[in-house]
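Notes follow the structure.
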Number of protein chains: 2
Amino acid sequence: MGRHREFDVEKALDAALCVFWRKGYEGASYADLTEAAGVERPALYSAFGNKEALFRKALARYYERYVDYIPAALQLPTAREVAAHALQGAIDLTTRYPDHTGCLAIQGVLAGSDEAEPVRQALIEARAEGEAQLRERFERAKAEGDLPETARPDTLAAFLMAVLHGMAVQAKAGFSRDTLEAVAEQALATWPAGKGEGA
Amino acid sequence: MGRHREFDVEKALDAALCVFWRKGYEGASYADLTEAAGVERPALYSAFGNKEALFRKALARYYERYVDYIPAALQLPTAREVAAHALQGAIDLTTRYPDHTGCLAIQGVLAGSDEAEPVRQALIEARAEGEAQLRERFERAKAEGDLPETARPDTLAAFLMAVLHGMAVQAKAGFSRDTLEAVAEQALATWPAGKGEGA
DNA sequence: GCGGTTTAATAACGATCATTATGAAATTGA
DNA sequence: TCAATTTCATAATGATCGTTATTAAACCGC
């Protein structure tokens with residue numbers, strides 16, 4: 001019963017995702033979002049709720065559709081491969097699209113007006129969850145002898161995340177893929193070796 | 001001739017600097033700035049120009065007053081000491097003040113509305129200049145035998161900057177000083193050794 | 001075709017944005 | 001003391017912010 005929706009909700013969400021990716025949460029105005037989605041303002045509100053709700057839906061889609069290299073990395077056999085795959089995945093993601101470089105999930109973490117604080121907290125939590133998954137994976141690796149007894153899984157996870165974040169900043173500053181790959185290689189140079197791995 | 005200025009321009013700039021540090025360029029409103037400075041709007045305009053000019057002056061002060069650990073690091077005798085001092089300086093800076101963590105110069109790099117593009121470019125250039133200084137220092141270190149022949153100064157500079165940026169993000173996410181120091185230690189673990197330095 | 005219901009489009013809402021016009025207060029030189 | 005000049009505080013500018021009334025159009029079951 002009632003009139004049918006004339007626009008594709010999925011496409012509208014994709015369009016909003018791209019705008020948020022380029023401009024961040026606060027930098028993206030509702031005018032930007034509706035223009036990119038090709039949809040009038042009230043239609044976006046009825047489909048997604050307000051701007052914050054739209055951003056949260058876009059963020060969820062971003063993680064499941066673009067940050068899928070993290071869960072993929074977690075399943076690799078060794079801690080070193082996990083780290084290498086995560087680094088490579090981040091490089092791909094942050095340099096693949098010339099018109100929206102960097103990482104959507106990092107754009108809004110750093111600063112903003114007071115009213116954006118809930119969104120910033122959500123981004124911080126999402127970041128922490130990714131780090132926790134890496135830490136747990138490295139704890140397992142340590143238990144399996146894949147990392148030495150002296151290794152500290154929490155430090156390795158924090159270090160890896162720091163490099164990932166730093167590369168996201170550099171991607172936004174226009175770094176080439178080659179440069180980022182050299183950075184990743186340098187980051188991996190320190191990786192502690194487990195039993196059966198060369199030094 | 002004429003009436004005397006009743007507020008301290010230096011103090012007003014310091015106050016604006018702190019606001020920008022907490023909220024970034026776009027997140028800081030002129031109302032925030034005038035309130036922090038204890039000065040009415042037209043007074044700030046007459047003293048500094050518009051918001052962008054005020055931010056640029058605050059940024060310059062930030063570098064000369066708070067990022068002084070970079071020029072200090074550059075004068076240390078070995079490349080490893082340069083890197084270690086830069087990392088420690090960044091940790092101090094990004095965690096020293098509980099009410100404005102992270103790095104002012106990174107807050108605005110990532111994203112924002114179109115009208116903030118000139119500011120973002122200025123931040124990107126400042127970032128690039130810091131990296132260039134590190135690269136030149138590491139080239140000298142290589143020439144002095146302080147870094148091995150296989151070392152790549154550009155990669156080391158990019159890597160070090162990536163870790164610095166990543167730690168700035170993590171500081172904004174509430175990381176403790178201890179955690180960041182563990183990250184820095186891990187980053188230094190990959191550092192190539194020069195002649196006369198143990199492996 | 002007709003009520004009931006959902007969406008679409010236009011236009012407006014109050015709030016806040018950065019910026020500035022205006023006129024009173026204060027200081028200097030004459 | 002008076003004219004010139006600079007800063008002060010109040011208040012207003014037009015623009016844009018996110019969010020909604022409001023009304024017309026399209027669909028369903030009857």
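All values reported here derive from a predicted model rather than from experimental measurement. All chains are named by letter (A, B, ...) in the order of the sequence lines, taking the proteins before the strands, and each is independently numbered beginning at 1.
C:dT6 atom C1' lies 10 Å from atom CZ of A:R5, rounded to whole Å. Atoms CD (B:E26) and P (D:dT16) sit 14 Å apart, rounded to a whole Å. The interatomic distance linking B:F7 (CZ) with C:dA26 (C1') rounds to 15 Å, in whole Å. Taking atom CG on A:D114 and atom P on D:dC17, their separation rounds to 19 Å, with Å as the unit. Atom CD of A:E40 is separated from atom P of D:dA25 by 16 Å (rounded to the nearest Å). Distance, A:R41 CZ to C:dT7 P: 20 Å, rounded to whole Å.
At least one side-chain nitrogen or oxygen of B:S29 sits closer than 4.0 Å to the OP1 or OP2 atom of C:dC17.
For A:K51, whose side chain is taken as the heavy atoms from C-beta onward, the closest listed nucleotide among D:dT19, C:dT20, D:dC8 is D:dT19. Side-chain proximity of A:R3 to the nucleotides C:dT7, C:dA21, D:dT20 is greatest for C:dT7. Considering only the side chain of A:Y45, D:dT20 comes nearest among D:dT7, C:dA18, D:dT20.
Between B:N50 and A:H4, it is A:H4 whose nearest contact on DNA chain C lies nearer the 5' terminus. In terms of position along DNA chain D, the nucleotide closest to B:P42 lies nearer the 5' end than the nucleotide closest to the other residue of the pair B:P42 and A:E115. Mapped onto DNA chain C by nearest heavy atom, B:E6 and B:Y30 fall at different nucleotides, with B:Y30 at the one closer to the 5' end.
Summarising the geometry of A:K23 relative to A:A28, their closest heavy-atom pair is CB-N, 3.8 Å, with the distance given to 0.1 Å. Nearest approach of A:H165 to B:V169, heavy atoms of both residues: CD2-CG1, 3.7 Å.
Centroid-to-centroid, the aromatic rings of A:Y62 and A:F20 stay 6.0 Å apart or farther. A ring-centre distance under 6.0 Å is not found for A:F55 and A:W21.
A:A28 comes within 4.0 angstrom of sugar-phosphate atoms only, judged by non-hydrogen atoms across all strands, and of no base.
Geometrically, B:K51 does not engage B:Y30 in a cation-pi contact, judged by NZ or CZ lying under 6.0 Å from the ring centre and within 45° of the ring axis.
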